[in-house]
Protein chains: 2
Amino acid sequence: MSTTEYRDAAGRRLVDYPRPSVAVDTAVLAPDPDRGLLVLLVRRDSATRTDAWALPGTFLHEGETLADAVLRSLDQKAGLRGQAPRQLHVFDDPRRDDRGWVLSVAHVVLLPTAAVTPVAEDRPDDVQLRPVAEAVGLPFDHDDIVGMAVARVRAAYAERPDPERLMPEAFTLRDLRRLHEAVAGHRLQPDVFRRQVKDQLVSTGEATRGSVGRPAELFRHSPSTG
Amino acid sequence: MSTTEYRDAAGRRLVDYPRPSVAVDTAVLAPDPDRGLLVLLVRRDSATRTDAWALPGTFLHEGETLADAVLRSLDQKAGLRGQAPRQLHVFDDPRRDDRGWVLSVAHVVLLPTAAVTPVAEDRPDDVQLRPVAEAVGLPFDHDDIVGMAVARVRAAYAERPDPERLMPEAFTLRDLRRLHEAVAGHRLQPDVFRRQVKDQLVSTGEATRGSVGRPAELFRHSPSTG
DNA sequence: CAAATAGTGTCTCTTAGACAGTATTTG
DNA sequence: CAAATACTGTCTAAGAGACACTATTTG
């Protein structure tokens with residue numbers, strides 16, 4: 001691992017320092033039109049089936065980035081292929097884990113409900129989706145992580161339309177608004193919402209067909225906004 | 001350190017995982033009325049006196065929090081007693097440090113220029129203050145850290161008056177505005193600034209005396225805002 | 001035509017920003 | 001009094017939010 005010899009002011013080599021284990025814990029959030037923001041929980045110990053639900057996490061492996069560890073844990077524990085995990089905060093209380101000295105880097109991932117719900121329904125003993133307001137009393141610092149994750153996602157969605165690109169290629173403003181309502185946790189006025197986001201999107205020139213009511217214009221995300 | 005035996009799904013004990021060294025690197029920022037935001041740099045290797053300046057940092061010691069490590073490094077390398085360090089980001093590229101596997105947790109600390117300048121003047125060979133715009137070409141990810149630190153502090157000061165409480169107990173709006181101008185890096189209109197911040201402060205009822213011009217009302221930070 | 005949904009015109013209220021004025025001190 | 005600084009009145013432009021209206025479809 002380490003090839004270059006290095007000594008600090010006290011004459012200790014880099015490898016001589018005790019090193020912490022590093023874990024990642026992830027709040028996977030899914031916006032649901034009916035129930036608002038949902039958070040994915042996994043059973044802490046699938047062998048004993050204790051009734052202890054927690055955020056999915058894992059230990060960082062050698063040569064791995066934090067984002068890779070997050071994606072690996074979501075794949076293993078919930079069969080999910082996540083998008084780009086975002087760092088939230090490092091929890092560093094030396095006594096936060098009685099198994100030893102463990103730092104945890106909290107992350108947030110936002111996924112379409114359609115990608116998460118089937119997994120939870122397939123493996124109800126191991127995976128659960130719960131509205132964020134009801135996800136309390138979790139172990140470690142997981143309540144705090146959920147709170148930070150919700151705040152981060154809500155702030156991002158209040159700034160601009162669907163920054164995590166959960167919508168399909170083309171979409172109506174109605175569907176986009178439903179997504180934003182699920183994230184925000186409350187209704188948004190259709191006309192106000194329209195004026196806020198319209199200039200930040202690109203019209204496809206197409207419109208919906210076959211639905212009741214006047215057809216709706218279809219929009220795409222603007223390429224520049226990322 | 002670890003007392004409870006713990007095995008993961010692969011049967012490996014917690015302590016069997018290879019663990020990274022964890023470092024902290026800190027952008028100490030000081031608002032200067034003339035030169036804008038200054039960042040504190042220290043000489044990387046004070047023995048060889050190579051011309052390599054970098055942000056102060058250190059390795060996390062056992063049983064220590066990240067914030068404690070930041071304060072320790074600032075005390076040792078610059079003789080500073082810092083305030084509350086804020087976490088910015090974890091840099092986790094496994095190959096970012098050729099000495100080995102090192103994660104770095106970037107932090108930002110804001111200090112009054114009066115606390116930092118004397119140190120830099122006393123030990124010019126080891127400590128330097130440089131305007132943030134001129135602090136480029138630093139080693140590791142330190143350019144990114146400075147950028148994140150500046151963005152974080154500017155966003156906080158644009159939101160509300162002196163969130164880091166750098167001002168003394170009682171202060172005039174003129175002095176508060178000078179601080180905000182140093183953080184923002186540009187002039188602010190006195191009358192607009194006054195109306196923006198006045199309601200978020202508490203008047204002491206006192207006023208300045210002996211200065212030329214009309215005496216200025218003295219304000220205090222409001223206790224509620226933290 | 002009724003019902004449903006999409007989209008617009010317009011009014012009010014608030015706020016940022018700019019400018020010019022008044023107020024109160026020193027020298 | 002002149003100069004300097006503190007503070008306020010007021011105008012304009014822009015935007016959020018609310019409401020009512022028009023537009024276009026299905027059944």
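Chain letters run A, B, ... following the sequence lines, proteins first and then strands; every chain starts at 1.
- Within the structure, a side-chain polar atom (N or O) of A:Lys198 is placed less than 4.0 Å from OP1 or OP2 of C:dT8.
- Ring centroids of A:His89 and A:Phe91 are separated by less than 6.0 Å, placing the two rings close together.
- By the neighbour-count criterion of 12 heavy atoms within 6.0 Å, atom CZ of B:Arg178 is sparsely surrounded, having that number or fewer from other residues, nucleotides or ligands.
- The separation between A:Phe219 atom CZ and C:dA6 atom C1' is 10 Å, rounded to whole Å.
- Rounded to whole Å, atom C1' of D:dC7 lies 14 Å from atom CG of B:Asp199.
- Looking at A:Asp162 and A:His221, their side chains do bring a donor and an acceptor atom within 3.5 Å of each other.
- Straight-line distance from the CZ atom of B:Arg187 to the C1' atom of C:dA18: 17 Å, rounded to whole Å.
- The side chain of B:Arg195 contributes no N or O atom lying less than 4.0 Å from OP1 or OP2 of C:dT15.
- In this structure, B:Arg86 pairs ionically with B:Glu164, as a charged nitrogen and a carboxylate oxygen lie closer than 4.0 Å.
- Note on B:Gln189: every side-chain N or O is 4.0 Å or more away from OP1 and OP2 of C:dC19.
- The listed nucleotides are D:dC7, D:dA18, D:dG17; the one nearest the side chain of B:Arg194 is D:dC7.
- In this structure, the CZ atom of B:Arg209 is 18 Å from the C1' atom of D:dT5, given to the nearest Å.
- Set against C:dA18, C:dC19, D:dC19, the side chain of A:Asp191 has D:dC19 as its closest nucleotide.
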For nucleotides 21-25 of chain D, tabulate all protein N/O to nucleotide N/O atom pairs closer than 3.5 Å, reporting atom names and distance.
residue, atom, partner, partner atom, Å
D:dA23, O4', A:Arg214, NH1, 3.3
D:dT24, O2, A:Arg214, N, 3.2
D:dT25, O2, A:Gly213, N, 3.3

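- In this structure, A:Leu201 atom CG and C:dG7 atom C1' are separated by 15 Å, rounded to whole Å.
- A tilted orientation is assigned to the rings of B:His142 and B:Phe140, their planes being inclined by 30° to 60°.
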- I would like to know whether A:Asp32 and A:Thr113 meet side-chain hydrogen bond (donor to acceptor under 3.5 Å, both in side chains); could you show each step before the answer? CA-CA 6 Å; A:Asp32 181 270; A:Thr113 312; 4.7 Å; no
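- Rounded to whole Å, the distance from CZ on B:Phe193 to C1' on D:dA6 is 14 Å.
- Listed candidates were C:dG7, C:dC19, D:dA18. Nearest to the side chain of A:Ala216 is C:dG7.
- Salt bridge A:Arg81/A:Asp75: absent, no basic N to carboxylate O contact under 4.0 Å.
- We find that CD of A:Glu217 is positioned 13 Å from C1' of C:dT8, with the value rounded to whole Å.
- The interatomic distance linking A:Leu176 (CG) with C:dG7 (C1') rounds to 16 Å, in whole Å.
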